[in-house]
Structures are given as structure tokens and as C-alpha cells.
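Working notes, beginning with the structure itself.
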Amino acid sequence: MSTILMGMVLCCLSAGFAVLWRRRIEDLFGFSVLFSVILLYFFGIAGRLSWGVYAVTGLAAAAAVVSLVHLIRHFRETADRLFTPGLLAFLLLLLWMLVVYRNRLADNFGDFSHWALEIKNMWLLEQIPNAHPASTIYFTDYPPASALFAYYWMWLAGAFSEGDMFRSLVVFCVSMLLPLFRRITWKNWKGFVPACLIVFALPLVFNMNAYSTLEIDMLLGSVGAYAVYMAHQQKAQKGGLLMVGAALFMLPMIKVSGTGIALLVLGILVTDWLCNRRFEKWQGFCLAVMGLLICILASNLTWSLFLNSRLPDTPASAEPSRLLTFLQSGMEPYQKMAWDTFVRKMIEPAYWENFSEHTYLFWLIAFVVLGAALAWKEDGGVRRLPLLVACAVGAVLYAFSLLAASWFSFPPEEAEILNECDRYFSTFQLILFAVLVYVAFEMWHEKNQLGGRRLAALAVCVLLILSPTRLYANSIAYQKFIRGAELSRASMRPSA
């Protein structure tokens with residue numbers, strides 16, 4: 001029932017924004033999620049989280065009324081914007097989740113250490129639990145974006161459900177990729193099924209657990225890709241900058257490291273705008289960039305003020321003393337070992353089978369080669385070359401930012417092994433190839449070649465990269481039954 005109710009809320013909000021800004025509804029599913037979470041966040045830091053859920057629900061009802069009125073008055077135009085293949089893809093996603101997550105329980109260590117625990121605390125306390133005296137979470141500085149959306153999902157159902165935790169994360173992630181359906185119409189319906197496979201399978205290429213744990217690395221990647229989607233348009237459309245700003249605001253709200261990703265994404269957008277002269281006047285360009293910077297700063301500032309007002313002893317994410325020592329004396333032994341580990345992880349396959357068998361460097365080279373082929377062989381490709389180059393440079397900077405974070409923020413014993421580095425790599429890998437697929441869709445559409453054959457070939461390539469195990473683990477045929485999850489949980493309990 002909760003899945004149906006959440007689907008109704010998001011469809012109503014998306015339809016309302018689609019009518020308001022005269023856009024197709026698939027562009028707005030992601031923004032509706034972002035809008036809901038941001039609204040919940042501001043009510044939450046004010047100590048009125050319950051007011052936030054009523055506000056989101058009330059706005060969804062109002063959006064439904066507005067959409068219905070427009071549909072009655074301007075049926076043809078409104079129907080073309082609302083009843084699209086993207087809407088059908090979203091409904092199929094809800095149906096898939098309804099079945100696959102029926103018996104799902106959290107059994108991943110990362111879920112127990114924070115992500116599932118935060119959602120459970122938020123549900124019980126009806127507040128953002130990071131600064132609550134009765135909270136049992138350990139990582140109090142972790143932002144609450146994914147937990148807020150899960151909380152609202154369960155509030156609609158009126159009961160706590162572990163399956164709903166996973167459903168909320170999958171909808172959050174996949175809704176950011178639905179703008180890929182912008183160029184899919186009922187006339188070229190043969191491309192619908194391949195497009196669904198591409199959109200749903202893309203996160204699994206880089207992280208097999210994208211849809212089976214509550215860790216938010218793929219969510220960061222999808223929100224970053226959504227910002228690029230909304231910013232890279234031939235003509236400015238209503239609400240575009242607002243959607244980009246919401247995505248950049250959200251990145252630091254998902255995870256602390258999202259601030260760095262937001263700045264890299266902003267750098268990608270600025271490069272694209274400058275090279276393609278997206279703004280006719282410099283004043284408009286400067287105002288847009290300043291506004292997006294304010295979104296990133298506002299996200300960090302409001303969260304810091306919230307924590308500092310309630311947790312004065314919140315630790316800093318980086319240690320200035322380590323940076324000073326590095327500048328004065330060079331690398332310490334653990335930093336040299338971290339550098340060796342970093343180089344090895346760049347050129348060797350991931351140790352854990354959950355991640356891509358190919359290296360980060362392999363995917364970066366593949367992106368450059370495929371991007372160059374698109375840019376030089378397709379009409380209009382040179383116009384998109386700055387975007388692709390900026391993405392490649394951003395991927396390099398992102399990799400070295402992980403190394404810098406390990407040097408100056410992680411404990412030495414953790415920095416030496418670059419713990420979870422493969423998982424962190426998967427975030428920007430998703431951004432790279434989500435953008436590449438988007439560019440391919442746009443260019444093929446311009447040449448009237450966005451048909452079933454090309455999309456089918458691309459879908460086959462994506463599916464061939466995935467191992468049968470990855471596909472099976474995220475299919476309806478696979479059910480993680482309650483008993484199996486209980487046995488997995490038992491192995492994580494501390495010994496007496």
C-alpha cells in the first residue's frame with residue numbers, strides 16, 4: 001500500500017511541476033523527490049518533521065487538482081506532457097519494487113552501522129535523530145537526506161517496514177535517471193524496453209548492491225547526473241536552474257563528501273556553459289553560477305548550524321595538523337602506503353565481487369574513447385565535447401580527492417588500505433556513463449535515429465557487462481527470505 005501511495009504523491013507533484021513549467025513529466029520525477037526531501041529537511045531541522053510530511057502531502061494534493069484542471073482545459077497539450085513512456089517506466093519501477101522487496105530485510109553491515117539505524121531512529125523519535133538525546137546512531141554528522149525520504153514513505157503507510165527502506169532508496173536513485181526517457185515517444189515505442197533496461201541496469205554495472213543495500217554511493221552518482229541532465233540543454237527551459245540548484249543542494253545532504261561532488265559537477269556545468277555560450281549575457285551567467293554556489297553553501301551551512309547548536313563537540317572532518325605536517329615534512333609512512341594502495345586500486349580490479357570487475361582507470365579510458373567516437377562521428381558532437389572533457393577531468397580530480405581525504409581525514413590504519421575505495425569509485429563511474437548515455441540519446445534524437453535498433457544494441461552492451469549473478473540478484477526470481485536474512489544478521493552480532 002505504501003508503494004502505491006508514494007507513487008501517487010510523486011506522480012501528482014511531478015504532474016503539477018510539468019504543467020507549471022510545460023515540461024515532460026519524466027524530467028520532474030527526480031525534482032519531486034528532491035523537493036520533498038528539501039521540504040522535510042527544513043521542517044526537520046526546525047524540530048517540526050511531522051509538519052513537513054503534512055506540507056508535502058498537501059502540496060501533492062494541490063498539484064493533483066491543478067493538473068486535473070489543466071488536463072480538462074488543455075487536454076491534448078497536457079496529456080502529451082503527462083502520459084509519456086517515462087511515466088509508464090516509473091509505474092513499472094513501482095510494480096517491480098512491490099514484488100522484489102516484499103520480504104527484504106537489512107543484512108548489510110553498513111546498513112546496521114548507520115543507514116538503517118538512522119531510519120529506525122527517525123521513525124521512533126519523529127525527528128532528525130542526529131542530535132536527539134535518545135538517539136542510538138553513532139555517526140551523528142552524517143546528513144539525513146535518504147533517511148528523510150524513507151521516513152516519509154513509511155509515514156504514508158503508517159508502519160515501519162524494512163522493505164520500504166529499500167524501495168525509497170531505489171525510487172530516489174532511479175527517478176534521477178528517468179530524464180533519459182525525454183526523447184522516447186509513443187511513435188518510437190520500440191525503444192521503450194531497451195531504454196528501461198539501460199536506465200534500471202546502469203547503476204548495477206558499477207555496484208551490484210545498488211538496489212540491495214542502503215548505502216548511498218549510487219544515489220550520489222544519480223543526483224549528480226540529474227544536475228548535468230537539467231543543465232545541458234540546447235534551449236533554456238522553465239525551472240531548469242531551480243532543478244539544478246535542488247540537485248546541488250541535495251548532494252551534501254546525502255553525504256558529507258557530496259560537497260566535493262557538487263563542486264565538481266558545478267565545474268562541469270560551468271565549462272559546458274562557457275564553451276557553448278548558454279547565456280546571452282554575462283550577468284545572467286554570473287547570477288546562475290552564484291546562485292548554484294549559494295545552494296551548495298546553504299546545504300552545508302544549515303546542517304553545520306543544526307549540529308553545532310545541539311552537538312557542540314561535533315568532530316571536524318579533516319585534521320589541519322596533518323595538512324601542516326604534510327606541507328612541512330612531506331608524506332608520512334602511512335601516506336606513502338596510501339599512495340601505493342591508491343595506484344594499485346586504479347589499475348587493478350576491485351577486490352570485492354560486488355563492484356565492477358574492471359578498474360577505475362579502465363572505465364575512464366572507455367569513457368574517453370566512446371565520448372570521442374560520439375563527438376567526432378556524429379553531427380553536433382563537437383558541441384558536446386566540452387561536457388565530455390569536463391566529465392573526464394572531473395573523474396580524475398574526484399579520484400585524487402579520495403586520496404587527499406584518506407591522507408587528511410581518515411585514521412592512519414584506514415588510510416593505508418583506502419577502505420571502501422572501490423565503492424567510492426562507483427559514484428563517479430555512474431556519473432560518467434549516465435552522462436554519456438544521455439549525450440548519445442540526445443544526438444541520436446537530433447538525427448532521427450533514436451530507434452529500437454540502436455537502443456537495443458546499447459541495452460545488450462549494458463547487459464553483457466553485467467554478470468548473470470547481478471541480474472538474478474535484482475530480479476523477481478530472487479527473494480531474500482526472512483530466515484536467510486536472520487541468519488545473516490546473527491553472524492554480525494557481537495559475541496558475548
Side-chain angles (χ1 to χ4, degrees), residues 2 97 100-154 157 159-173 203 207-220 253-258 307 311 314-315 317 350-355 410-411 413-414 417-424 426-427 473-474 478-496:
S2 61
M97 292 191 308
V100 170
Y101 294 102
R102 183 182 55 191
N103 295 322
R104 186 64 61 110
L105 294 176
D107 64 352
N108 179 271
F109 180 78
D111 298 342
F112 288 120
S113 66
H114 179 75
W115 305 109
L117 189 62
E118 182 180 30
I119 296 170
K120 186 65 176 287
N121 274 265
M122 189 177 292
W123 173 256
L124 293 174
L125 301 173
E126 296 185 331
Q127 293 185 36
I128 295 178
N130 299 62
H132 196 283
S135 173
T136 60
I137 64 174
Y138 179 74
F139 300 103
T140 55
D141 61 329
Y142 280 23
S146 60
L148 285 168
F149 191 57
Y151 171 81
Y152 180 60
W153 193 298
M154 293 178 212
F160 180 84
S161 167
E162 294 192 33
D164 285 342
M165 294 192 300
F166 293 97
R167 293 186 181 106
S168 67
L169 186 66
V170 173
V171 166
F172 203 151
C173 180
N207 188 340
M208 178 179 171
N209 289 333
Y211 302 148
S212 54
T213 75
L214 300 174
E215 293 171 336
I216 43 70
D217 303 278
M218 290 293 95
L219 181 57
L220 282 170
M253 279 294 94
I254 296 172
K255 196 174 183 180
V256 175
S257 61
L307 290 180
L311 298 171
T314 302
S317 58
Y351 177 76
W352 302 104
E353 64 178 8
N354 294 331
F355 305 103
F410 294 178
E413 61 276 7
E414 188 175 334
I417 60 174
L418 285 179
N419 194 31
E420 305 288 356
C421 188
D422 297 316
R423 181 161 57 85
Y424 302 150
S426 66
T427 296
N474 291 276
Y478 178 85
Q479 284 289 331
K480 184 165 284 189
F481 292 102
I482 295 177
R483 182 55 183 163
E486 288 176 344
L487 293 174
S488 180
R489 289 183 179 196
S491 66
M492 299 181 190
R493 291 173 185 164
S495 57

Exercise. Kindly say whether M154 contributes a backbone atom to a donor-acceptor pair with the side chain of D164 at under 3.5 angstrom?
Key: no
Exercise. Calculate, to the nearest 0.5 Å, the distance between atoms CD and CG belonging to E162 and D111 respectively.
Key: 9.0 Å
Self-check item: Inter-residue atom distance E118.CD - T140.OG1, 0.5 Å rounding
Solution: 10.5 Å
Quiz prompt | Side chain to side chain, M218 and N209, heavy atoms closer than 4.5 Å | solution = no
Quiz item: Below 4.5 Å, heavy atoms only, C-beta onward: do S168 and I119 meet side chain to side chain?
Solution: no
Quiz item: Would a 4.5 Å heavy-atom cut-off, applied to side chains only, mark W153 and V171 as touching?
Solution: yes
Practice problem: To the nearest 0.5 angstrom, please state how far the SG atom of C173 sits from the CG atom of L220. | Solution: 10.0 Å
Quiz item: Can you tell me if S135 uses its side chain to pair, donor with acceptor, with the backbone of P129 under 3.5 Å?
Solution: yes
Quiz item: Could you give the distance from OH (Y151) to CD (Q127), rounded to the nearest 0.5 Å?
Solution: 9.5 Å
Practice problem: Classify the ring geometry between Y101 and F166 as parallel (under 30°), tilted (30 to 60°) or perpendicular (over 60°). | Solution: parallel
Quiz item: Side chains of I254 and P143: closer than 4.5 Å at any heavy-atom pair?
Solution: no
Quiz item: What pair of heavy atoms forms the shortest contact from Y211 to P203, and how long is it?
Solution: OH-CG, 3.3 Å
Self-check item: Whether Y142 and F139 hold their rings parallel, tilted or perpendicular, with breakpoints at 30° and 60°
Solution: parallel
Quiz item: Should M165 and F160 count as side-chain neighbours, where that means a heavy-atom distance under 4.5 Å?
Solution: yes
Practice problem: Check whether any side-chain heavy atom of D217 sits under 4.5 Å from a side-chain heavy atom of K255, and report yes or no. | Solution: yes
Quiz item: Which value, rounded to the nearest 0.5 Å, describes the distance between L214 atom CG and H114 atom NE2?
Solution: 10.5 Å
Exercise. Taking all non-hydrogen atoms of both residues into account, name the closest pair between R167 and M97 and its distance.
Key: NE-O, 3.1 Å
Quiz prompt | Nearest non-hydrogen partners of S146 and F172, listed with the distance | solution = CA-CE1, 4.4 Å
Self-check item: Distance-only polar pair, side chains of N121 and T136, donor-acceptor under 3.5 Å
Solution: yes
Exercise. Report the C-alpha distance between I128 and L148 in whole Å, list the side-chain angles of each, state the deciding distance to 0.1 Å, and finish with yes or no for side chain to side chain contact (heavy atoms under 4.5 Å, CB included).
Key: CA-CA 8 Å; I128 295 178; L148 285 168; 4.3 Å; yes
